[in-house]
Amino acid sequence: MTDTITPPTSSDELVDELRTWLEENWDPDITVGEWWQRLGLSGWAAPILPTNAYGKGLGRNDAVKAQSMIAEFGALGAPGGLGLLLAAPTIATHGTQEQIDLYVRDIVTGVKAWCQLFSEPGAGSDLAGLTTRAVEDGDVWVVNGQKVWTSMGSIADMGMLIARTDVDVPKHQGITWFACDMHQDGIDVRGLREMTGHAMFNEVFISDAHVTTDSIIGGKNNGWAVANTTLAYERSGLGAGGGSAAGGMAMPGSIADQLGRRAGDFVAAPGEAPKVRRRAGGPGGGGSAKLLTDMARGNGKLEDPTIRQDLMRLHTMGELAKYNNLRLKAAKAAGKDIPGMANLSKLAMSDMVRLQRDLGLRIIGAGGTLHAYTEEQRKSLDAATGNPFNGMITGSALFAQGPPIYGGTDQIQRNIIGERTLGLPKEPNNDKVVPFSELPKNA
Ligand SMILES: Cc1cc2nc3c(=O)[nH]c(=O)nc-3n(C[C@H](O)[C@H](O)[C@H](O)COP(=O)(O)OP(=O)(O)OC[C@H]3O[C@@H](n4cnc5c(N)ncnc54)[C@H](O)[C@@H]3O)c2cc1C
């Protein structure tokens, strides 16, 4: 454990401390698993987490900076995915120290990969209307239901499961957050292919699966509050362009089976761009404006004034996102908050993704009609266009419909800002007082 480490007080100290640590510890010839043990237990895999949860208690900007520094140094980044982005901070916030040591340790060291078992066919925006049931039976709970849109579910060892544990209270009050073992007969994960050609999503059928009482995070029937922590990290992480979810190219967990491979094989060769995976499937914020500018310069489109204008807009939006993050950080450091900022950041991210999509397709022109669905096709596409970024632009364009939906749709973000930040009246609704079992349901 690393809770004796004092958080660095300035960016310079952070840079020095991390560089020294990397010089002493990075070794491309050890395995991914061995490297992630070192990184995770040092606190540098998830420096945003508190020191009692395998982190260093840094703010988001410093944590993102540390992540960039690891990539620039040429070392493999932290285990990416929803474990680090969502499960770890949720468990660090609501879990007991025993649960932190059981679950968060395996996340920061990449031993286990996690997925988010929240959405259901009938419960997405209205997540609190979920119908997956968990029924107590001694020390275990028997779970039945269906989840959908489960990103990376096919390689997950564990799931952040929210299930209904009491139907006789209003819907927000009868939900519990469980850490669910995905390796059991009652869990059936089936892939859903997207128009990008990938099958990142899954549907998960849960039939008499078991979770233990010990695996409840934050208390029985308190799952809505715990889920809101998960969702807040999802919004702020996504609004910041992927945050700590963006890791190296290696995949955590037992199913991806990469822990035994050489760590150095997952990092860029000297002079190559750092290999970084982002959940949104495309270039993030400021980095994308630079990449698109270079591409436009390369094919002469930079002379087009409308493209120049939109590149400037994209750059400006990236800068605004950065300064909003800094404003939030300053407010938090002063013990205050900026209400609605996570929602505003996520809305801004949606706008940036749409602009990146349109701009990228305009820059590559006719190349935008060509997309590779497999690695083999990708090689042919690269050879045909002579542009190794063509496939990335079309992939990002096809995926651009996703970010404005996941983590709460744009419309839901606006509802939240309207109701909770601006104080506008809510839609008439009695679901806060009527027991879930008595609410009207679709047939
Ligand atoms: C790329 C991607 C990854 C995802 N990954 C995961 C994951 O790992 N785990 C997981 O649990 N879920 C995941 N999701 C699911 C995601 O959280 C849901 O898709 C989202 O919450 C919307 O729910 P829904 O699809 O059921 O749409 P619905 O809730 O049915 O909404 C349909 C439309 O109605 C609008 N709408 C609904 N209610 C209102 C309202 N009150 N006011 C105004 N407009 C409204 C919505 O904005 C939307 O346009 C993912 C989704 C995507 C696209």
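We count ligands from 1, going down the list as the structure has it; atoms in each ligand are counted the same way. This is a predicted model, so every value here is computed, not measured.
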Nitrogen or oxygen of [X] less than 3.5 angstrom from that of ligand 1:
X	result
Q411	yes
N415	yes
S125	yes
F399	no
Y406	no
E427	no

Using a strict 4.0 Å cut-off to heavy atoms of [X], name the atoms of ligand 1 that fall inside it.
X	value
G402	53 (C)
F118	11 (O)
F201	1 (C), 2 (C), 3 (C), 4 (C), 52 (C)
S151	3 (C), 4 (C), 5 (N), 6 (C), 7 (C), 8 (O)

| task | For D101 and Q97, test the side chains for any donor-to-acceptor distance below 3.5 angstrom and give the result as yes or no. | result | yes
So, are [X] and [Y] salt-bridged, with charged N and O less than 4.0 Å apart?
X	Y	result
K112	D181	no
D166	R164	no
R354	D351	yes
K346	E234	no
D310	R313	yes

| query | Out of D126, D410, I162, I412, whose heavy atom is nearest to atom 45 (C) of ligand 1? | reply | I412
| message | With a 3.5 Å distance limit and no angle check, can you tell me whether D157 reaches the backbone of W114 through a side-chain donor-acceptor pair? | response | no
| note | Contact region, T409 to ligand 1, non-hydrogen atoms below 4.0 Å, reads side chain
| query | For ligand 1, does L127 get within less than 4.0 Å through its side chain, its backbone, both, or neither, judged by non-hydrogen atoms? | reply | neither
| For L439, which residues count as a side chain to side chain contact (heavy atoms under 4.5 Å, CB included) partner, sequence neighbours excluded? | K171, N430, D431, V434, F436, K441
| message | Suppose we screen for side chain to side chain contact (heavy atoms under 4.5 Å, CB included). Which residues come up paired with D214, at least two apart in sequence or across chains? | response | T212
